[in-house]
Amino acid sequence: MVRAMAEESGSRLERMSGMLKRRGFILPAFEIHGGSKGLYDFGPNGGRLRNRVNQIWLDHWISLGNVAEISCPTITPYEVLEASGHVGEFSDFMTACLVCDDVSRADTLLENDHTNPDSLSKIELDNLLKMVQPECPSCGANQWGPVIAQNLMFNTTIGAGNSGRAAFLRPETAQGMFTSFPSLYRHFREKLPFGAIQVGKGYRNEISPRQGMIRLREFNMAELEYFIDPEMPLEHDFTRWSDYEFNLISEAEGEIKQSISAAVDAGIIRHGTVGYFIAMTHDFLAKVGIDESRIRFRQHETTEMAHYATDCWDAEILGSYGWVECVGIAHRGCYDLEAHEQFTGKSLRARRDFTEPKQVVVDGWTIDGAVAGPIFRSLANKVKTAVEKLPKTVDFPLILDIDGTPITVEKEHVKRLQRTETVTGEWFIPHVVEPAFGIDRIIWHILDHAYQETTKQDEIYTLMRLSSNIVPVDYAVFPLFEKDGMGQIARMVNDQLNSKSGIVSTYDSSGSIGRRYARADEIGIPICVTVDHQSVEDNTVTIRDRDTGKQKRVSIADL
RNA sequence: GCGAGCGUAGUGUAGUGGUUAUCACCGGGCGUUGCCAACGCCUGAACCCGGGUUCGAGUCCCGGCGCUCGCACCA
């Protein structure tokens with residue numbers, strides 16, 4: 001029984017994949033050259049469907065009112081992804097033997113020469129490799145080429161030859177939004193919370209892409225980075241969802257059905273904004289035609305979460321491959337902005353005014369610039385910083401340790417510093433809540449959920465019950481026959497529909513009328529318009545609903 | 001990356017070394033039919049790539065590429 005079901009669903013998957021290829025939804029890319037694993041085309045129907053999904057996604061988040069769309073390059077300099085932690089987490093450092101071309105992991109080669117080679121940077125590995133000259137495990141030589149970060153990110157070079165700058169194709173769109181933070185902060189008049197969204201391509205050089213559209217090497221992603229002040233009270237309105245029970249799998253409670261506000265109040269969802277985005281994500285998925293009963297939200301185990309995240313929920317969708325994670329909603333704390341700030345020294349902060357200004361009494365020492373400056377020269381600034389940290393009770397002269405050098409500070413080098421400052425606010429690194437959508441995986445499940453097989457005269461009849469929000473073609477126009485003027489009327493109706501903005505209509509006159517309806521059903525065209533003999537008399541046509549097959553007669557003018 | 005299986009028209013397939021590669025659906029044209037894959041005629045379209053064995057390879061062998069499944073990997 002179970003086996004029979006498995007075989008049944010297996011062949012359904014095969015028939016569906018065949019149909020998606022035949023009808024130009026999704027197909028293997030570059031197939032005439034043998035194809036390439038993990039790369040797919042969206043065909044003439046899939047292309048438009050993808051575009052409409054992207055557009056709905058953008059509109060969905062922009063409707064929040066404090067979210068802006070941006071677009072960043074996919075080519076990303078090495079340093080950006082080094083700062084974000086991707087180089088360390090995402091890749092292995094490889095080096096090629098100059099004699100036999102065999103590639104080895106640099107840290108493995110240096111295992112006997114360093115206590116923790118895994119922790120070394122690329123430059124450190126390069127240097128240590130030149131110094132140690134370890135033996136090549138395959139040929140015994142000891143000449144090594146430059147260290148290259150390799151694996152899950154695609155390497156590339158900006159510019160030509162030796163002067164080129166190391167770079168990657170981005171593994172996610174997020175980093176561009178973090179590095180654009182100063183511009184976003186100004187755009188939003190320096191007021192949190194606000195968000196940046198972006199749809200675009202991401203690249204991961206997966207070791208072994210599998211399962212069709214589920215793991216790709218180049219994929220469409222859509223991410224929102226929502227910047228918040230961790231100390232500001234949240235203002236999320238959950239009333240829209242007060243009657244809706246979400247499928248949640250929480251770390252503590254297991255599988256439960258609960259409203260979002262209840263789950264947030266109970267602390268199951270650890271942050272209100274995460275809860276709000278879970279609800280928003282659910283609405284988006286429903287809008288593009290995902291079956292609501294096949295959506296669930298699963299909380300990451302504490303051990304499975306990235307070390308900096310405080311809460312993370314995946315939206316999982318049930319389809320032909322089981323439950324697949326399609327959206328990740330993570331509270332990332334201040335990790336990303338802080339990482340870029342530390343790496344670049346540029347401020348990525350927002351300002352928070354105190355409710356009442358604070359009086360800060362400064363009572364200590366500082367250097368007397370006129371005297372100490374010429375004496376300490378380039379160290380003067382560091383001496384000043386050190387002196388200002390001293391308590392007011394110290395006696396001079398005293399010896400300070402500046403970068404490992406003992407410096408004697410005489411009484412005439414310093415002066416008392418006493419003043420009262422009024423501090424009106426403080427700078428802090430905003431926290432980030434990030435919903436990240438795998439568009440291809442979502443599209444796969446849209447197609448999977450829409451694909452329906454019924455039986456008609458002992459044959460399998462295929463119907464795509466796509467949401468009219470995202471169908472690639474909105475109308476099909478058929479002349480019952482292409483004679484007696486029906487063809488001309490049908491062409492005119494088709495032109496009229498196509499001239500409307502955002503509407504796509506196709507004209508089809510080949511084969512019997514039933515065959516044309518069947519073709520339209522397989523693409524998921526919601527409305528078929530048929531021009532018949534009566535149309536010639538009174539300018540009416542029949543319109544047929546895809547899902548019910550029901551027809552009614554309307555005037556051409558009313559279309 | 002390792003192991004196993006597979007690769008034939010757009011799709012699904014038949015083909016155990018021997019004519020011009022099977023069948024169905026499919027696509028296009030014409031005809032016919034008063035609305036749900038009807039029918040007739042005509043027509044289009046394939047052995048993944050490269051080597052080898054052989055008089056002869058879609059078929060056997062080797063390598064590559066791709067697909068599927070397990071193991072590993074999957075911020």
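Each chain gets a letter, A, B and so on, in the order its sequence line appears, and its residues count up from 1.
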Short heteroatom pairs, N/O only, protein and nucleotides 70-72 of chain B, under 3.5 Å:
from, atom 1, to, atom 2, distance (Å)
B:G70, O6, A:R210, NH2, 3.0

Report task. Both distances under 3.5 Å, Watson-Crick or G-U wobble: report the partner of B:U59, or none. Result -> none
Query raised in the report: B:A24 and B:G44: how far apart are their P atoms, nearest whole angstrom?
Result: 16 Å
Query raised in the report: With a 4.5 Å heavy-atom cut-off, do A:Y507 and A:P479 have their side chains touching?
Result: yes
Requested in this report: Answer whether the closest heavy-atom distance between the side chains of A:L13 and A:Y321 falls below 4.5 Å.
Outcome: yes
Query raised in the report: Do A:R298 and A:W323 meet the cation-pi criteria used here (NZ or CZ under 6.0 Å from the six-membered ring centre, within 45° of the axis)?
Result: no
Distances under 3.5 Å between protein N/O atoms and the N/O atoms of nucleotides 42-52 of chain B, please, pair by pair.
none

Query - Partner nucleotide of B:G40 by Watson-Crick or wobble geometry (both distances under 3.5 Å) - result: B:C30
Query - Toward the 5' end of RNA chain B, by each residue's nearest nucleotide, A:R332 or A:Y517 - result: A:Y517
Check: protein-nucleotides 9-15 of chain B nitrogen or oxygen pairs below 3.5 Å:
from, atom 1, to, atom 2, distance (Å)
B:U11, OP1, A:K21, NZ, 2.6

Query - Pairwise P distance for B:C71 and B:U8, with rounding to whole Å - result: 27 Å
Requested in this report: May I ask you to verify if any side-chain N or O of A:R519 is less than 4.0 angstrom from the OP1 or OP2 atom of B:G27?
Outcome: yes
Report task. Provide the distance between the two P atoms, one in B:C49 and one in B:G66, to the nearest whole Å. Result -> 15 Å
Query raised in the report: Using purine N1 to pyrimidine N3 plus N6-O4 or O6-N4 for Watson-Crick, or N1-O2 and O6-N3 for G-U wobble, both under 3.5 Å, which nucleotide pairs with B:A45?
Result: none
Pairs under 3.5 angstrom, nitrogen or oxygen only, protein versus nucleotides 38-40 of chain B, please.
from, atom 1, to, atom 2, distance (Å)
B:A38, OP1, A:R515, NH2, 2.9
B:A38, OP2, A:S512, OG, 2.5

Query raised in the report: For the residue pair A:F297 and A:H282, does the interplanar ring angle fall in the parallel (under 30°), tilted (30 to 60°) or perpendicular (over 60°) class?
Result: tilted
Requested in this report: List the steps, then state whether salt bridge (Lys or Arg N to Asp or Glu O under 4.0 Å) holds for A:R491 with A:E482.
Outcome: CA-CA 10 Å; A:R491 282 185 193 281; A:E482 249 183 342; 3.3 Å; yes
Query raised in the report: So, are A:E453 and A:R15 salt-bridged, with charged N and O less than 4.0 Å apart?
Result: yes
Query raised in the report: Could you give all pairs that pass the side-chain hydrogen bond (donor to acceptor under 3.5 Å, both in side chains) test and reach residues 23-32 of chain A, with sequence neighbours left out?
Result: A:K21-A:E31, A:R23-A:E522
Query - Electrostatic pair A:R52:A:D474 at N-O distance under 4.0 angstrom - result: yes
Query raised in the report: Using 4.0 Å as the upper bound for N to carboxylate O, is an ion pair formed by A:K201 and A:D440?
Result: no
Query raised in the report: Choosing from B:U33, B:G28, B:G66, which nucleotide comes nearest the side chain of A:S510?
Result: B:G28
Query raised in the report: Between the side chain of A:D532 and the main-chain N/O of A:Q534, is any donor-acceptor distance below 3.5 Å?
Result: yes
Query raised in the report: Taking only residues two or more places apart in sequence, or in another chain, which ones meet A:D521 in a salt bridge (Lys or Arg N to Asp or Glu O under 4.0 Å)?
Result: A:R544
